[in-house]
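None of the values given here were measured: they were computed from a predicted structure. Position 1 is the first residue of the sequence, and the numbers go up from there.
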Amino acid sequence: MRKAEIPIQRIIKNNFQMAGAVFRADAGYAGFTLLVRMLSGIGSTFLYVYLLGAVIYCVENGKEPGTILIFLLCSTAFLAVVFALQAYYRHVFAPVRRERIVSGLQQELFDRLQAADMANYDSAMLYTKVTLANEEVAVRPLEITDNLFRGLEGLTAVCAIFAGILPANWFVMGICVVSFAAGIFLSGIRSGQEVQYDEQMKRKDKKLSLLRRLLYLPEYGKDNRLSHVHKVFLDDYRNTVMEKEQIAAEGGRRIGNLSFFQKIFCSAFCIDFLIPLYLSMAVLLWGKLPISAFVVAVNAGDQIQRRLDVFLEVIAAFLKNGRLAERIRDLDNIQCDIEAVGSVCPVSGMRKQGAECAACPEVVRSVSGMRKQGAECVTRPGFVRSVPRMRILELHNVSFVYPDGTPGLSGIDLTIRKGSKVAVVGRNGSGKTTLIKLLLRFYDADSGSILQNGTDIRNFAVSSYRAQFGIAFQDFNIYAASVRDNVCMGEAPEEGRLIQALERAGLHDGSKGTFVNPDAQLTRELEEGGILLSGGQLQRLALARVFYRDSDIVIMDEPTAAMDVFFEKEFYRTVFEQLKDRTVIFVSHRLSSVTACDTIVYMEHGKILEEGTHEELMGLQGGYYRLFRAQFE
């Protein structure tokens, strides 16, 4: 579905906001670029339009050779300075500063995404938005800034040209205006076609990127060889390439036609034909121009053509950049109701209502440069600046529906006390994971409340609230980094604590000869010598993260799914012995593993149907009883 056309006012605003982002990132880059561009415009006009005409003028008017020589020496010195500055800018200054600016802008983008609510990931469009924004933020702000300065350079040159030839050549001025106006009109149409073309091609590229991964990544290798799914992916790949070729043919034809008409009328007819025809008649038939003025006028005509071509390119790029910058501004619509709101301002110590704080010395802006609204700090009744150690967690009549309308939870009432071991069990889709997501405040309940020590968890700073949890998800991630980094996960590494965590997870046992080097690189994505752990070892690594963090509340989602039964038994013994004073919440399908828990919660269709010890639930002979029996029959 095609997006609505972006108003010209927004296109203009996008351009200047992107340029403003570059200026805030590095004002020195913007200032020096402007200086070099302006000097380049003046220098090129002087060299290609006026220098030869000035020398001929001196000869026509009988100037002394010494005067002409001094003029040429001064001209050479001026042009040498301009060319030296250009060389330094292109090869030394700009490459270093541009890398620094891009790095800073991408950091802002990553910070913005870090502040996005988990609800955004329920939308299939998020990946597309982020991919497009990440591509654009690496090039668009700098391209917009350079394009604006390029336009200023051209404007400077054209003004210098017109200042010399306008008094005697109104016809030349008129032809230039007609050519320029027609070029602007055609450039506006062409830029819209180019953005539409780019949007269609990027969507196909996204699909091709996915298909390439399916065709060559190791994790899909077994399926590709043991089934015919490889052929399905390959056919889809070929069809997508053909669709991309069709888009290239149709879009390229439209853009090429517009470019052709612009070139033939604006450049070839107006500038290359009409202006030289007029100047030749002025000299040969009417005798109006001296030789020096004729030389200046001819050179000026050539330079006007070049500059107007550049101007049309600048305007086309301006319109295109303004439309493409909308991809970056799309991130301003990402929901940040949980992650960004409720953080504590380091200056005022008050709870933030938005992405910035009026008390802070620095104004926090989004990547697009827009100042976020609702940014002032406020004191909210009931807000607790520090999260006290958990004594009790209570869910009161909690209900939740996912943003796409999928039912999540309904009327949940649950109490979890400090030090208790709680198991949440049930069939797939019963609401177990959703319950954990609400406890971690990835989402807020639609109704009801979740209280810690009697305080609504929404009154805590979300980062401080989550810091008390240690989590081992079933779908955890392993990073192409050292074992140490994969266990510590950004916390300051402590060698003794790290070894202890590896030992408790069963990855480090000198008596049995089991040893994992903390400095070893995981995966072979970056290093050929990287180690490859088995599925069970990887899950133990995820458990080592929990042990290293040493949190008050531990959540384990299918913690032993990839472990053998012997280590599973040893693992639960370790958990119950070494974490006896910690609150542990298990999510498990293996009911035999959680029979020793203080409380077992059985869920179906987003509701808690049964709650109690293993013996109590077996005595009810309800859903838990049937599920337990089914696993042993």
Side-chain angles (χ1 to χ4, degrees), residues 32-91 93 146 149-177 179-180 266-268 270-284 286-314:
F32 191 65
T33 301
L34 178 61
L35 173 64
V36 171
R37 287 288 191 179
M38 299 293 280
L39 286 175
S40 297
I42 295 171
S44 62
T45 301
F46 177 74
L47 174 62
Y48 298 117
V49 177
Y50 293 113
L51 181 59
L52 181 58
V55 172
I56 295 173
Y57 175 82
C58 290
V59 172
E60 286 178 335
N61 289 274
K63 299 295 183 182
E64 294 292 331
T67 303
I68 298 175
L69 181 61
I70 292 173
F71 170 74
L72 288 173
L73 289 174
C74 292
S75 300
T76 302
F78 169 69
L79 292 173
V81 170
V82 172
F83 293 152
L85 281 175
Q86 288 176 339
Y88 171 75
Y89 175 82
R90 289 172 184 167
H91 302 293
F93 181 84
D146 291 345
F149 286 154
R150 186 185 180 202
L152 286 174
E153 176 188 347
L155 180 63
T156 302
V158 169
C159 288
I161 293 170
F162 283 152
I165 67 170
L166 182 59
N169 295 281
W170 284 97
F171 181 80
V172 172
M173 178 67 175
I175 294 298
C176 292
V177 170
S179 173
F180 190 57
C266 300
S267 298
C270 291
I271 304 298
D272 290 337
F273 176 71
L274 286 183
I275 291 180
L277 177 64
Y278 166 77
L279 293 174
S280 299
M281 292 176 66
V283 172
L284 299 176
W286 306 324
K288 289 184 176 181
L289 295 177
I291 298 300
S292 59
F294 176 77
V295 170
V296 169
V298 169
N299 289 338
D302 178 66
Q303 284 300 303
I304 287 173
Q305 173 192 338
R306 295 174 184 273
R307 293 300 177 179
L308 287 182
D309 284 344
V310 169
F311 258 127
L312 294 177
E313 291 173 4
V314 166

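- Atom CZ of F78 sits about 6.0 Å away from atom CG of L39, to the nearest 0.5 Å.
- Within the structure, every pair that satisfies the side-chain hydrogen bond (donor to acceptor under 3.5 Å, both in side chains) test and touches residues 74-88, not counting sequence neighbours, is listed here: S40-Q86.
- For T33, the side chain to side chain donor-acceptor pair (under 3.5 Å) partners at least two apart in sequence or on another chain are Y89.
- Atom CG of residue L73 and atom CD1 of residue I68 lie 12.0 Å apart, to the nearest 0.5 angstrom.
- For residues 36-46, the pairs satisfying salt bridge (Lys or Arg N to Asp or Glu O under 4.0 Å) are R37-E153, with sequence neighbours left out.
- Under the side chain to side chain donor-acceptor pair (under 3.5 Å) criterion, S44 pairs with R307, sequence neighbours left out.
- Taking NZ of K63 as the reference point, atom CD1 of I70 lies at 12.5 Å (rounded to 0.5 Å).
- Annotation: side chain to side chain contact (heavy atoms under 4.5 Å, CB included) contacts of L155 (sequence neighbours excluded): C159, F311.
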